[in-house]
There are 2 protein chains.
Amino acid sequence: MKDNIKESLRVQIYEDNEELRNMLSMLLTHSNGFELCGAFSNCADVINNIAECLPDVILCDIEMPGVDGIEGVRIIRKQNKEILILMYTVFDDNEHLFEALCEGANGYLLKGESPAEILKALKEMYAGGAPMSPSIAKKVLRLFSIQREKTESDLTPREKEILTLMVAGKSVKMIAGQLDIAFETARTHIKNIYEKLHVHSQTEAVSKAIKERLV
Amino acid sequence: MKDNIKESLRVQIYEDNEELRNMLSMLLTHSNGFELCGAFSNCADVINNIAECLPDVILCDIEMPGVDGIEGVRIIRKQNKEILILMYTVFDDNEHLFEALCEGANGYLLKGESPAEILKALKEMYAGGAPMSPSIAKKVLRLFSIQREKTESDLTPREKEILTLMVAGKSVKMIAGQLDIAFETARTHIKNIYEKLHVHSQTEAVSKAIKERLV
DNA sequence: TCATTCATAACCCTTTTTGGGTATTGCGAT
DNA sequence: ATCGCAATACCCAAAAAGGGTTATGAATGA
């Protein structure tokens, strides 16, 4: 939601390289619609920096001496879920990327993006988006498709249904009740499931079902 | 205009709305660097369509009568992991989004994007990116951060250890053996865990532990 | 038509789990 | 020094789950 009165986006910078930090500062101070509110060389004092300057968004490198960017995000998110954080880094490996996203970063740009792209990303983030460099977006999407190989089990539909209820924590009695079948019928299905999965208890079955994505 | 003969991106369209399909066809035939190779109203014959026209990328609606877009992606990916697929839909709900991504879509645009954005997304996808509408990108990123909040439970370290073994499918006897404690001690811990989680069985505890990411 | 699979259901019997206690030891905080 | 808590351990009775077996009707397919 954009505020008519607010004329510019308040941006705070964290970047250890002085040259780049100055360049980014210049970029922001001289671009319409942006306002620089602080530029720091690491996240050591990030809570105070935010409290003093009240930025809308944070542009944050990852590799920095002292408190790094990911640790910075962690610290910020412990008490502030609202402020927007755009990672800006050379790291394009999965580890840094997913750690940053898990801690609550709102976007992830690789160094190498043009100044115009940086400004666009900051705006996009403020408008409710999640800007990512193309190769980063691809890595993120790939996460969804790679894992999908659900092991082919020869469970019947009914058995799958019952296994699902077991995974949900239901007892035999509850399963029978919910599916409107006799207790002994539910048990028969469960026994067949155990045989097919080569397990001997509900917890084992549930564990295996989850590990092998059978449900 | 040097590359309008050679090096144009071959795009195939799947969209049930005839008006929109024609509009998209026009857009592609009249844009430099793009070449339309087929426009269809559903994915019923997607394998043949691809084999005949050999597109580089596919622009694909989701809601279509007959074989819909998500089913289409599934069919394509069964035999072709290379071709690029950009979903183009009105659906911005998590279910459609994540299903499409899991099946192997390479990008996800919402209807409402400008023609220029569509062309840009097609190009970006071909360049190795994963274009998403801003609000879609945000949903995707949110997946990483929301789940990270492991519910704060007041389980002791020993209890967490035991819960972990339960989640792995171990019985009380096995847990006791593995931790080298008495059977009754393991049971005491388990009883305490049940009380803290408000559950009454191993499967319930395992289910809750997984759902609330306690382990 | 006949064999197979699936979903349904029941029986007997054993083992495990669960819920209720009680109790000791050790360790850090008051 | 004492309090509280975590970890250890045991007992008993009831409930639930597990293992084996058999059986029937419906649907499917060779």
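Numbered from 1 within each chain, the chains take letters A, B, ... in sequence-line order.
In this structure, the CG atom of A:Leu179 is 15 Å from the C1' atom of C:dC6, given to the nearest Å. For the pair B:Leu165 CG and C:dT17 P, the computed distance is 13 Å after rounding to whole Å. Distance, A:Ile162 CD1 to D:dA17 P: 13 Å, rounded to whole Å. Taking atom CD on A:Glu204 and atom P on C:dT16, their separation rounds to 13 Å, with Å as the unit. What separates CG of A:Leu163 from P of C:dA7 is a distance of 13 Å, to the nearest Å. The separation between B:Asp180 atom CG and D:dA9 atom C1' is 14 Å, rounded to whole Å. Look at NZ on A:Lys173: it is 8 Å from P on D:dA17, rounded to the nearest Å. Summarising the geometry, the separation between CE on A:Met174 and P on D:dA15 is reported as 17 Å, rounded to the nearest angstrom.
Take the nearest nucleotide of DNA chain D for B:Ile181 and for B:Ser201: the residue whose nucleotide is more 5' is B:Ile181.
When the nucleotides D:dC10, C:dA10, C:dT17 are ranked by their closest atom to the side chain of B:Ala182, D:dC10 comes out on top.
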Where do N or O atoms of nucleotides 26-30 of chain C meet protein N or O atoms at under 3.5 Å, pair by pair?
none

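Applying the 4.0 Å criterion to OP1 and OP2 of C:dT5, one finds that A:Thr156 has every side-chain N and O outside that range.
Salt-bridge check for B:Glu99 with B:Arg74: passed, with a basic side-chain N closer than 4.0 Å to an acidic carboxylate O. A:Lys111 has a carboxylate O that lies under 4.0 Å from a charged side-chain N of A:Asp61, or vice versa, which qualifies the two as a salt bridge. Looking at B:Arg77 and B:Glu103, no side-chain N of the basic residue comes within less than 4.0 Å of a carboxylate O on the acidic one, giving no salt bridge.
Within residues 183-199 of chain B, the residues approached by DNA chain D to less than 4.0 Å at the level of any non-hydrogen atom are B:Glu184, B:Thr185, B:Thr188, B:His189, in residue-number order.
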Practice item. Just do the side chain to side chain contact (heavy atoms under 4.5 Å, CB included) check on B:Ser135 and B:Leu110 with the steps written out, would you? Key: CA-CA 9 Å; B:Ser135 67; B:Leu110 293 179; 3.5 Å; yes

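Side-chain polar atoms of A:Asp93 and A:His96 form a donor-acceptor pair below 3.5 angstrom.
Taking the side chain as every heavy atom from C-beta outward, B:Cys43 and B:Met64 approach each other to under 4.5 Å.
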